[in-house]
Amino acid sequence: ILRKEHLYKVLVIGDLGVGKTSIIRRYVHQTYSTNYRATIGVDFALKVLNWDSATVRLQLWDIAGQERFGNMTRVYYREAMGAFIVFDVTRSTSFEAVIKWKEDLDSKLMLTNGQSIATVLLANKCDQGRELTNNGIKMDQFCKDHGFIGWFETSAKVRPVAKVFFFANNSLYNKSNLGESSSVKTTFIDDYV
């Protein structure tokens, strides 16, 4: 039996210091460290997921927080099928920047069908005592108003972030009109809990 192979480029963007690299490293390598340095330009990570008859290669692009104002984001965004925009729940300025990141993304990247790519909002560092669960209705409305397919609280430090990666499969298939959603599981979860 031949295995189907799929490659998805997924962006992880947001302001400097919100935890993008930590989230990616926790998901891909199951590690956490407090000693990360600021990403310069872009970094990459690959997560290979094996499903019944398919191999999915999830290419995660970790784009530096200061890149939003640079001309390179158009190059970095090219051919992405989904995105996470990350903010730090302890820094309101990083939340305020979310709209600018989303606008930048939407202005530079569209799917072939003319739609914006599937984008999820991640509220990171919730281990620091500022969980947003009580503001869930407001966050749901914010996502609806700004074109996010959903949002999740996370912490690369204390929570297995693999659970937040479930966002994309149905959305990637539906938004890109690949037409294979019934044959692939509905989650990007590689549970190591």
Side-chain angles (χ1 to χ4, degrees), residues 6-21 23-24 27 38-45 47 56-89 91-125 132 135-154 161 164-181 186-188:
H6 303 280
L7 175 66
Y8 293 121
K9 176 179 175 179
V10 177
L11 307 172
V12 182
I13 58 180
D15 273 6
L16 182 69
V18 296
K20 299 178 298 293
T21 301
I23 288 171
I24 291 170
Y27 179 57
T39 302
I40 297 173
V42 66
D43 198 3
F44 310 90
K47 181 77 170 181
V56 174
R57 298 181 190 286
L58 191 61
Q59 189 181 66
L60 301 167
W61 285 51
D62 181 0
I63 297 176
Q66 63 272 24
E67 287 295 324
R68 182 180 75 232
F69 303 106
N71 294 324
M72 291 301 293
T73 54
R74 185 177 304 275
V75 175
Y76 297 153
Y77 293 172
R78 189 176 296 142
E79 298 180 7
M81 296 291 291
F84 290 104
I85 298 180
V86 184
F87 73 95
D88 176 345
V89 298
R91 290 183 14 231
S92 60
T93 55
S94 70
F95 179 71
E96 292 160 10
V98 160
I99 295 171
K100 292 176 184 152
W101 279 102
K102 183 72 164 84
E103 289 171 349
D104 183 62
L105 182 65
D106 290 347
S107 71
K108 294 176 180 172
L109 180 65
M110 291 274 182
L111 295 173
T112 55
N113 62 14
Q115 293 184 356
S116 58
I117 65 170
T119 307
V120 171
L121 183 61
L122 295 184
N124 196 34
K125 303 187 184 181
L132 300 173
N135 292 321
I137 294 171
K138 289 180 185 175
M139 289 298 292
D140 291 343
Q141 189 60 49
F142 177 86
C143 288
K144 186 176 179 184
D145 293 346
H146 296 284
F148 290 91
I149 62 169
W151 70 280
F152 297 92
E153 292 180 305
T154 190
V161 297
V164 303
F165 278 82
F166 88 93
F167 91 97
N169 197 22
N170 279 342
S171 297
L172 287 178
Y173 279 108
N174 292 337
K175 285 201 151 245
S176 63
N177 289 328
L178 293 175
E180 299 178 17
S181 58
T186 59
T187 59
F188 267 144

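Just so we're clear, the structure is a prediction, and the values are computed from it rather than from any experiment.
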Would you say the side-chain atoms of [X] pair up with the backbone N or O of [Y], donor to acceptor, closer than 3.5 Å?
| X | Y | answer |
| --- | --- | --- |
| Asn124 | Val18 | yes |
| Lys47 | Tyr27 | yes |
| Lys20 | Trp61 | no |

To the nearest 0.5 Å, tell me how far [X] [atom1] sits from [Y] [atom2].
| X | Y | atom1 | atom2 | result |
| --- | --- | --- | --- | --- |
| Phe44 | Tyr76 | CZ | OH | 8.0 Å |
| Leu111 | Ile117 | CG | CD1 | 7.0 Å |
| Asp104 | Arg74 | CG | CZ | 8.5 Å |
| Tyr77 | Ile63 | OH | CD1 | 5.5 Å |
| Thr119 | Ile149 | OG1 | CD1 | 7.5 Å |
| Leu121 | His146 | CG | NE2 | 10.0 Å |

Minimum heavy-atom distance between [X] and [Y], given as atom pair plus value:
| X | Y | answer |
| --- | --- | --- |
| Val120 | Phe148 | C-CD2, 3.9 Å |
| Leu105 | Leu11 | CD1-CD1, 3.6 Å |
| Ala97 | Asp15 | CB-OD2, 3.2 Å |

### Query
Is there side-chain contact between Ile23 and Val12, with heavy atoms separated by less than 4.5 Å?
no

### Task
Return the set of residues passing salt bridge (Lys or Arg N to Asp or Glu O under 4.0 Å) with Asp106 (not counting sequence neighbours), or none when no residue passes.
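Salt bridge (Lys or Arg N to Asp or Glu O under 4.0 Å) check on Asp106 returns Lys102.
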
### Residues that Phe95 engages under ring-ring contact (aromatic ring centres under 6.0 Å, His included), provided they are two or more places apart
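Result, ring-ring contact (aromatic ring centres under 6.0 Å, His included) vs Phe95: Phe87, Phe142.
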
## Note on the structure
Given the options Gln59, Arg57, Met81, Lys9 meets side chain to side chain contact (heavy atoms under 4.5 Å, CB included) only with Gln59

#### Entry: side-chain contact (heavy atoms from CB on, under 4.5 Å) involving Gln141 - partner list, sequence neighbours excluded
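Gln141: side-chain contact (heavy atoms from CB on, under 4.5 Å) contacts with Lys144, Asp145.
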
### Query
Do Ser94 and Asp88 pass the side chain to side chain donor-acceptor pair (under 3.5 Å) test, and can you show the C-alpha distance, the side-chain angles, and the key distance before you say yes or no?
CA-CA 6 Å; Ser94 70; Asp88 176 345; 5.4 Å; no

